[in-house]
Undergrad: 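The structure's right below; bear with me while I get my questions together.
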Amino acid sequence: MREITNEILYSIKRNGFDMSNKKICAFFGHGDCPSTISDSLEKEIISAVKNNAITTFWYGGYGQFDALVAKAVTRVAKNYFPEIELVLVHAYLPTSPKASAHTSDISIYPDGLETVPPRFAISHRNRWMARHCDYMIAYINHRFGGAYQAVHAAPKEIPIRNLGSLQDFS
């Protein structure tokens, strides 16, 4: 499914994270999503682990959707699957330990992102996540914005579960 180059593996292993043997779910959603999706989000995470052998969950750490994701994955890990991990994928190089102090188990910074102008860093990070995951859970209601662009960039064989109203990403 995903193609992982030696350069990407080196970058991630260098940061203490080896994704070569993990099944990864990436999250993308509108920053203004309602907290009422929390239960549905938790059910989708449980389903991803049970039905798709997902072990690792990537999120970006910005906005309401990502806050709900971090809480839901943490709850699922605590209550059902202690082996799963939540990974914060940085768009910018952390400048201090506090900058990467999120609720995630680990954080990574995709190799090559340091050459991207800051105003494009989030969209580049999102495309990287979309191209290197095995599964997606999203909250998307319209065909514009960063969340839609990221899901639209995913290879066609990546399963996408959308908790929002938009169902066709072509």
Undergrad: To the nearest 0.5 angstrom, please state how far the CZ atom of F81 sits from the OG1 atom of T55.
TA: 12.0 Å
Undergrad: Side-chain contact, heavy-atom cut-off 4.5 Å: V87 with S104?
TA: no
Undergrad: How far apart are the C-alpha atoms of R143 and D168, what are their side-chain angles, what is the distance that settles it, and do they pass the side chain to side chain contact (heavy atoms under 4.5 Å, CB included) test?
TA: CA-CA 9 Å; R143 295 182 184 280; D168 178 22; 3.8 Å; yes
Undergrad: I'd like to know if the side chain of N52 and the backbone of I54 have a donor-acceptor N/O pair within less than 3.5 Å.
TA: no
Undergrad: Roughly how far, to the nearest 0.5 Å, is the CH2 atom of W58 from the CG atom of L88?
TA: 12.0 Å
Undergrad: Does the S47 side chain pair with the main chain of K43, one donor and one acceptor, at a distance under 3.5 Å?
TA: no
Undergrad: Verify the cluster assignment for V151 and I122: are they in a single hydrophobic cluster under the rule of side-chain heavy atoms below 4.5 Å apart?
TA: no
Undergrad: Can you tell me which residue pairs pass the ring pair (Phe, Tyr, Trp, His ring centres under 6.0 Å) test with a partner in residues 27-51, sequence neighbours excluded?
TA: F27-F57, H30-H142
Undergrad: On a heavy-atom basis, which atom in K23 and which in A53 lie closest, and how many Å separate them?
TA: CB-O, 3.3 Å
Undergrad: If you measure from OG1 on T56 to NZ on K22, what distance do you get to the nearest 0.5 Å?
TA: 4.5 Å
Undergrad: E85 side chain to P82 main-chain N or O, any donor-acceptor pair under 3.5 Å?
TA: no
Undergrad: N141 side chain to S165 main-chain N or O, any donor-acceptor pair under 3.5 Å?
TA: yes
Undergrad: Using modelled atom types only, decide if a donor and an acceptor are shared between the side chain of R125 and the backbone of V89 within a distance under 3.5 Å.
TA: yes
Undergrad: Considering all heavy atoms of both residues, which atom of G146 and which atom of N126 are nearest to each other, and what is their separation?
TA: O-ND2, 4.2 Å
Undergrad: Looking at Y148, is its backbone amide N or carbonyl O close enough to the side chain of H152 to form a donor-acceptor pair, meaning the two atoms are under 3.5 Å apart?
TA: no
Undergrad: Can Y62 be reached from L113 by stepping across I, L, V, M, F, W or Y side chains whose heavy atoms are under 4.5 Å apart?
TA: no
Undergrad: Heavy-atom count around R161 CZ within 6.0 Å, excluding the residue itself: above 12?
TA: no
Undergrad: For Q64 and S35, work out which heavy atoms get closest and say how close.
TA: NE2-CB, 3.8 Å
Undergrad: Can you tell me if N162 uses its side chain to pair, donor with acceptor, with the backbone of I140 under 3.5 Å?
TA: yes
Undergrad: Which pair of non-hydrogen atoms, one from L86 and one from A70, has the smallest distance, and what is that distance?
TA: CD2-CA, 3.8 Å
Undergrad: Restricting to non-hydrogen atoms, name the atom on G61 and the atom on D66 that form the minimum distance, rounded to 0.1 Å.
TA: N-OD2, 2.9 Å
Undergrad: Let me confirm one number: the CD1-NE2 distance from I158 to H132, rounded to the nearest 0.5 Å.
TA: 10.5 Å
Undergrad: Just how far is it from atom OG1 of T74 to atom CD of E42, taken to the nearest 0.5 Å?
TA: 10.5 Å
Undergrad: Do Y92 and I108 sit in one hydrophobic cluster, given that two such residues count as connected whenever their side-chain heavy atoms are within less than 4.5 Å of each other, even indirectly?
TA: no
Undergrad: Look at the side chain of Y139 and the backbone N and O of L41, then say whether any donor-acceptor pair between them is shorter than 3.5 Å.
TA: no
Undergrad: Might you point out which heavy atoms bring A150 and A130 nearest each other, and give the distance in Å?
TA: O-CB, 3.2 Å
Undergrad: Can any side-chain N or O of E114 pair as donor or acceptor with the backbone N or O of G112 at less than 3.5 Å?
TA: yes
Undergrad: Between Y80 and V73, is there a shared hydrophobic cluster once you connect ILVMFWY residues whose side-chain heavy atoms come closer than 4.5 Å?
TA: yes
Undergrad: Just how far is it from atom OG1 of T36 to atom CG of L68, taken to the nearest 0.5 Å?
TA: 9.0 Å
